[in-house]
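In the text below, chain A, chain B and the rest are named by the order of the sequence lines, each starting its count at 1.
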Amino acid sequence: MPDNEIASIHRRIIEWYEREQRPLPWRTPDCTAWGVLLSEVMAQQTPVARVAPIWAEWLDRWPTPADLAAAAPGEAVRHWGRLGYPRRALRLHAAATAIANDHDNVVPSDPVQLQALPGIGSYTAAAVAAFAYGVRTVVVDTNVRRVEARLFTGDALAAPSLTAAESRLAATVLPDDDTDAATWNVAVMELGAVVCTATNPDCGACPVLDSCAWQRAGAPAYDGPARKSQKWAGTDRQVRGKLLQALRDAHGPLPRAQLDLVWSDAAQRDRCLAGLIEDGLVEPLGDERYALPS
DNA sequence: GACACGTGGCC
DNA sequence: TGGCCAAGTGT
């Protein structure tokens, strides 16, 4: 693709973003890097609409990493509520502790330092550096992968997991200018989130429709490897969720007999409780009672 | 690279 | 109705 067309795509997507972006609370100028970090971890595999209220509550309760670090990890798990994947709450607590102890309570701006923190992988490290500090870095999430697969490659959807080719492509199309790169990163994600969606994309609202390789190819259906669907009913994940929900809802330790009520299959229940303890999400008190970690 | 890991909304 | 999907990470 010629340089001038790339430049045109940059301009149209950035202008679209300036015009159409959703007013998410962590995008306001006064949002701290800690607020950005919280929002990114909470939004991992979780729709932003469900994140917003929990994010506000957390930031109000724990305005800086040191505030969260001073709380019991179980409090983080409790206030995680029903966001899902509660290990994220535990890792956020551990990350806050590391930031408070090793980084003078300041969220790092270096993606390498960020990625060394618990629960922060390659995507989140790049996102925090880019969104909180304006660092020119390649941010690649599921939205970016889908938008770029369609726009530049002509595929209906990205591969099931991030490929080296996708990372290279994302790096290649990142604007050179720091300010443009910063806006581009958030703008492509936003385009994927609200227009170039996985199912039923709103192509009529797309600012780069006439540059879209997928559109030019006649919008063919996805023909890559099948994505395997996640089972839920009856799985350990459901049981773990029920056990943890019981402990969140009880505002103190729970006797074993109480936990036994949440699932009838004793063997599966025991295995899941042991797993939660192993993961540090539940603490056995040694007297047949269990609690969120202190 | 495959797999485990929560939860709820949507069509 | 139920499969699909949502700002992924760690093992």
Remember a base hit wins even if backbone is also touched, and classify [X] as base, sugar-phosphate or nothing at under 4.0 Å, heavy atoms.
{"X": "G84(A)", "result": "base"}
{"X": "A49(A)", "result": "nothing"}
{"X": "T124(A)", "result": "sugar-phosphate"}
{"X": "A127(A)", "result": "nothing"}
{"X": "W26(A)", "result": "base"}
{"X": "S122(A)", "result": "sugar-phosphate"}

Output the single nucleotide from [options] whose closest atom is nearest the side chain of [X].
{"X": "T142(A)", "options": "dT7(B), dG8(C), dC5(C)", "result": "dG8(C)"}
{"X": "R227(A)", "options": "dC5(C), dG6(B), dA7(C)", "result": "dC5(C)"}
{"X": "R240(A)", "options": "dT9(C), dG6(B), dA6(C)", "result": "dG6(B)"}
{"X": "S229(A)", "options": "dA6(C), dG8(C), dG3(C)", "result": "dG3(C)"}
{"X": "Q45(A)", "options": "dG8(C), dC5(B), dA7(C)", "result": "dG8(C)"}
{"X": "Q44(A)", "options": "dG6(B), dG8(C), dC5(C)", "result": "dG8(C)"}
{"X": "W232(A)", "options": "dT7(B), dG8(C), dC11(B)", "result": "dT7(B)"}

Has the side chain of [X] got a donor or acceptor atom sitting under 3.5 Å from an opposite partner on the base of [N]?
{"X": "R88(A)", "N": "dT9(C)", "value": "no"}
{"X": "R237(A)", "N": "dG6(B)", "value": "yes"}
{"X": "S161(A)", "N": "dG1(B)", "value": "no"}

[N] [atom2] sits how many Å from [X] [atom1], rounded?
{"X": "K231(A)", "N": "dT7(B)", "atom1": "NZ", "atom2": "P", "value": "19 Å"}
{"X": "R82(A)", "N": "dG9(B)", "atom1": "CZ", "atom2": "P", "value": "10 Å"}
{"X": "E278(A)", "N": "dG10(C)", "atom1": "CD", "atom2": "P", "value": "17 Å"}
{"X": "D141(A)", "N": "dC5(C)", "atom1": "CG", "atom2": "P", "value": "15 Å"}
{"X": "Q230(A)", "N": "dC5(B)", "atom1": "CD", "atom2": "P", "value": "10 Å"}
{"X": "Y222(A)", "N": "dC5(C)", "atom1": "OH", "atom2": "C1'", "value": "14 Å"}
{"X": "L281(A)", "N": "dG10(C)", "atom1": "CG", "atom2": "C1'", "value": "14 Å"}
{"X": "Q238(A)", "N": "dG2(C)", "atom1": "CD", "atom2": "C1'", "value": "15 Å"}

Are V282(A) and L92(A) joined in one hydrophobic group, where the rule is that I, L, V, M, F, W and Y side chains link up if heavy atoms are under 4.5 Å apart?
no
Interatomic distance at [atom1], [N] relative to [M], whole Å:
{"N": "dT9(C)", "M": "dG1(B)", "atom1": "C1'", "result": "14 Å"}
{"N": "dA7(C)", "M": "dA2(B)", "atom1": "C1'", "result": "23 Å"}
{"N": "dT11(C)", "M": "dG6(B)", "atom1": "P", "result": "14 Å"}

Looking at W184(A), Y17(A), W16(A), which one forms a ring pair (Phe, Tyr, Trp, His ring centres under 6.0 Å) with H10(A)?
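So, applying the ring pair (Phe, Tyr, Trp, His ring centres under 6.0 Å) to H10(A) and each of W184(A), Y17(A), W16(A), only W184(A) qualifies.
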Roughly how far apart are H93(A) NE2 and W80(A) CH2, rounded to 0.5 Å?
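Answer rounded to 0.5 Å: 13.5 Å.
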Of L162(A) and L276(A), the one whose closest nucleotide on DNA chain B sits nearer the 5' end is L162(A)
Can you check whether [X] has a side-chain N or O nearer than 4.0 Å to OP1 or OP2 of [N]?
{"X": "R91(A)", "N": "dT9(C)", "value": "no"}
{"X": "R248(A)", "N": "dG6(B)", "value": "no"}
{"X": "R145(A)", "N": "dA7(C)", "value": "no"}

Please determine if D180(A) and R136(A) form a salt bridge, counting it only when a charged side-chain N lies under 4.0 Å from a carboxylate O.
no
Give a yes or no on whether a salt bridge exists between D67(A) and R61(A), defined as a side-chain N under 4.0 angstrom from a carboxylate O.
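Here D67(A) does not pair with R61(A) in a salt bridge, since their nearest N and O are not under 4.0 Å apart.
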Checking side chain to side chain contact (heavy atoms under 4.5 Å, CB included) against F152(A), which of I9(A), V147(A), T172(A) comes through?
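The side chain to side chain contact (heavy atoms under 4.5 Å, CB included) with F152(A) is passed solely by I9(A) among I9(A), V147(A), T172(A).
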Is the centre of the W58(A) ring less than 6.0 Å from the centre of the H79(A) ring?
no
For DNA chain C, whose closest nucleotide is more 5', that of L24(A) or that of I120(A)?
L24(A)
